[in-house]
Amino acid sequence: YADASFKLYEDGASHGGTVVFIGGSGCCVFAQSGKIKNHCKSSTDAELLQLRDATYIGDYYHRVLRVLGISTRVVYMQDNDAAIVSTYFR
């Protein structure tokens with residue numbers, strides 16, 4: 001899961017978070033939340049920056065599980081419609 005809040009801080013910075021779950025029982029193996037360092041121009045921009053960071057983390061766990069011989073697939077969850085649509089056209 002990746003989510004962001006646009007211009008949450010007084011300095012105009014946005015806030016984002018990522019959570020990674022593994023398995024059908026939903027075991028949380030990674031959680032991170034904090035200020036987004038890049039300047040975001042819109043809520044969609046903030047969501048895409050956080051989703052980009054989440055893909056690095058998701059890819060890492062996917063590779064670790066493959067090395068361990070565990071077959072898995074990665075599903076990214078996003079709640080911003082504009083961010084979802086824009087990922088299809090890149």
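One is the number of the first residue; the rest follow in order along the sequence.
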Can you measure from OH (Y1) to CD (Q50) and round to the nearest 0.5 angstrom? 15.0 Å
Closest approach of R73 and V75, non-hydrogen atoms and distance? NH1-CG2, 3.3 Å
R52 atom CZ, neighbour heavy-atom count above 12 within 6.0 Å: yes
What are the two closest non-hydrogen atoms of A2 and A54, and how far apart are they? CB-CB, 3.8 Å
As a quick check of understanding, evaluate side chain to side chain contact (heavy atoms under 4.5 Å, CB included) for H15 and I36, giving each step before the final call. CA-CA 5 Å; H15 188 93; I36 297 175; 5.8 Å; no
Interatomic distance, OG@S14 vs CG@L49, rounded to 0.5 Å, equals 8.5 Å
Could you tell me the separation between the OH atom of Y76 and the CG atom of D59, rounded to the nearest 0.5 Å? 6.0 Å
Looking only at side-chain N and O atoms, does H62 offer a donor or acceptor that is under 3.5 Å from a partner on T72? no
In the structure I gave you, are the side-chain heavy atoms of L48 and T44 within less than 4.5 Å of one another anywhere? yes
Under a single-linkage definition using a 4.5 Å side-chain heavy-atom cutoff for Ile, Leu, Val, Met, Phe, Trp and Tyr, are V64 and I70 assigned to the same hydrophobic cluster? yes
Taking ring pair (Phe, Tyr, Trp, His ring centres under 6.0 Å) as the definition, give me every residue that meets it alongside Y60, ordered by chain and number, with sequence neighbours left out. none
Does the side chain of Q32 reach to within under 4.5 Å of the side chain of I57, using non-hydrogen atoms? yes
In this structure, CG of L65 is separated from CD1 of I22 (nearest 0.5 Å) by 4.5 Å
For V20 and Y61, work out which heavy atoms get closest and say how close. CG1-CD1, 4.2 Å
Can you measure from CG (D11) to NZ (K35) and round to the nearest 0.5 angstrom? 4.0 Å
